[in-house]
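Proteins get letters first, then strands, A, B, ... in listed order; numbering begins at 1 in each. What you see below is based on every heavy atom in this structure, not just the backbone, and it leaves out hydrogens, waters and symmetry mates.
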Number of protein chains: 2
Amino acid sequence: MRLVIARCQVDYAGRLTAHLPLATRLILVKADGSVSIHADDRAYKPLNWMSPPCTLVEDGDAWTVQSTKTDDRLVIEIDEILHDSSHELGVDPGLEKDGVEAHLQRLLAENVTTFGDGWRLVRREYPTPIGPVDLLCRDASGATVAVEIKRRGEIDGVEQLTRYLELLNRDPQLSPVRGVFAAQEIKPQARTLANDRDITCVTVDYNALRGVDDPSDRLF
Amino acid sequence: MRLVIARCQVDYAGRLTAHLPLATRLILVKADGSVSIHADDRAYKPLNWMSPPCTLVEDGDAWTVQSTKTDDRLVIEIDEILHDSSHELGVDPGLEKDGVEAHLQRLLAENVTTFGDGWRLVRREYPTPIGPVDLLCRDASGATVAVEIKRRGEIDGVEQLTRYLELLNRDPQLSPVRGVFAAQEIKPQARTLANDRDITCVTVDYNALRGVDDPSDRLF
DNA sequence: GTATTTATTTCGTGC
DNA sequence: GCACGAAGTAAATAC
């Protein structure tokens, strides 16, 4: 990884064309070949960048980063270099994620009684012609319920579930099928639409649910 | 801007929980308060980050980045610092973009003959109850044409234009209205759907069109 | 202010 | 390899 602090101008041509006037910035050159130009704001987002595969050619003050696959090009005109250092980082073991929708789905699949006593899982990722339903269940009375799970419940999730319900209700083996919209947080608009369509909203406490599964916390 | 190369472990808790095992990484602390943890790959994307507003508290080897607005938290456990430098960058004049959909729309509005001889513009951003149509035109024969413009023509753009056409064709003053789907690049799926719905596809050469407007190129 | 759309989206996953 | 959906999406824009 190479860190360069330099006064520079940058031009990009590719999916769009863009220009950066002369100013002092960080030029970050990674071992993967990527080059990104950072200002002192915009959080982690660079002003300009080139994704690998690409090659950096330094011709004096003119640095050219050319994409190997497309005709995208970044031209950096160096005015003055204020810092230039390189560092061996090695391969990163990578990020271990937790808490995404998939995990929430697995937890709920293993704990369908979260929705009500006597519930049981028919199957996870129940296939339909327009895509899999997250969970297909039977409630205590034996009625079929399609469950759509989101981390954040928004209006498009309700639309998605509505499409599934319409399809599932055409199947006389399953019909009538009702819907449950489960999320860690449900937006008011989504809740209103769901209620209007007789879909039950359930907000899920992910931490509590995980506690059922594995009470050992990592750090928090 | 502060650049720290350090062997470290990182834990994040917020919208998800995540852990980074001990490894050497770049810790980038920007003047806007943001902190991002970079490995030597993943292009410009950090492994972990915290967006402003947030505060970094260093307590020996334990660095804590706490979001001011939410309860998101990043805990960095420093094992060894290999590099630590700070740099004054000043305010960046920022990126001047060109080539986005808005500009493409303006260019085409000024050059509707791109679609055919004798075409003229009725109006740009023609209002309908479900949103504005990019361009409403009349072709050489006087027939009404609705034009939907995208940088990249994908299936949802065709759906959008279809909804506009359905609405516009209810207006006896305009009907019959046909559709043109214009983009720099049209995906095969979108083209197939458009053809099926008798919508004409037009791929636009943005550079050539811009050349009509302003023949002076910046760099390329 | 909130809701919607865009993004040089990027990134993963299933086919 | 390509289409589809999710993202700690974020950011800009419309309302």
Taking atom P of dA10(D) as reference, at what distance in whole Å does atom CG of Asp41(A) sit? 16 Å

At under 4.0 Å between heavy atoms, how does the protein contact nucleotides 9-15 of chain C? Give one character per nucleotide, 5' to 3', with B, S or -. SSS----

Contiguous Watson-Crick or G-U pair runs (3 or more, under 3.5 Å) in DNA chain C: C:1-7 with D:9-15, C:9-15 with D:1-7

Spacing of Gln105(A) atom CD relative to dG5(D) atom P, expressed in whole Å: 15 Å

Is any side-chain heavy atom of Val145(B) closer than 4.5 Å to a side-chain heavy atom of Val177(B)? no

Could you check whether any side-chain N or O of Gln105(A) sits under 3.5 Å from a backbone N or O of Ile149(A), counting only pairs where one atom can act as donor and the other as acceptor? no

Can you tell me, in whole Å, how much space there is between the P of dC4(D) and that of dG8(D)? 22 Å

Carefully, step by step, assess Glu148(B) and Arg197(B) under the rule salt bridge (charged side-chain N to carboxylate O under 4.0 Å, His left out). CA-CA 14 Å; Glu148(B) 177 65 33; Arg197(B) 293 181 180 174; over 6 Å; no

Within-4.5 Å side-chain heavy-atom neighbours: Asp32(A) and Asp40(B): no

So does Arg2(A) pair up with Glu58(A), basic N to acidic O under 4.0 Å? yes

Over all atoms of both residues, closest heavy-atom pair of Cys137(B) and Val147(B): SG-CG2, 4.1 Å

Whole-Å distance between dG5(D) C1' and Leu161(A) CG? 17 Å

Provide, to the nearest angstrom, the distance between the CD1 atom belonging to Ile37(B) and the C1' atom belonging to dG8(D). 14 Å

Gln160(A) has an atom CD; how far is it from atom C1' of dC4(D), in whole Å? 11 Å

Interatomic distance where NZ belongs to Lys30(B) and P belongs to dA10(D) [whole Å]: 15 Å

If I pick the P atom on dT8(C) and the same atom on dG5(D), what distance separates them, to the nearest angstrom? 22 Å

Is it the case that over 12 heavy atoms from other parts of the model lie below 6.0 angstrom from the CD atom of Glu88(A)? no

Heavy-atom closest pair (Lys30(A) atom, Asp41(B) atom, distance to 0.1 Å) is NZ-O, 2.8 Å

Look at the rings of His38(A) and His38(B) and say which category their plane angle falls in: under 30° parallel, 30 to 60° tilted, over 60° perpendicular. perpendicular

From CD1 of Ile149(A) across to C1' of dG5(D) the rounded distance in Å is 16 Å

Whole-Å distance separating the CG atom of Leu74(A) from the P atom of dT8(C): 14 Å

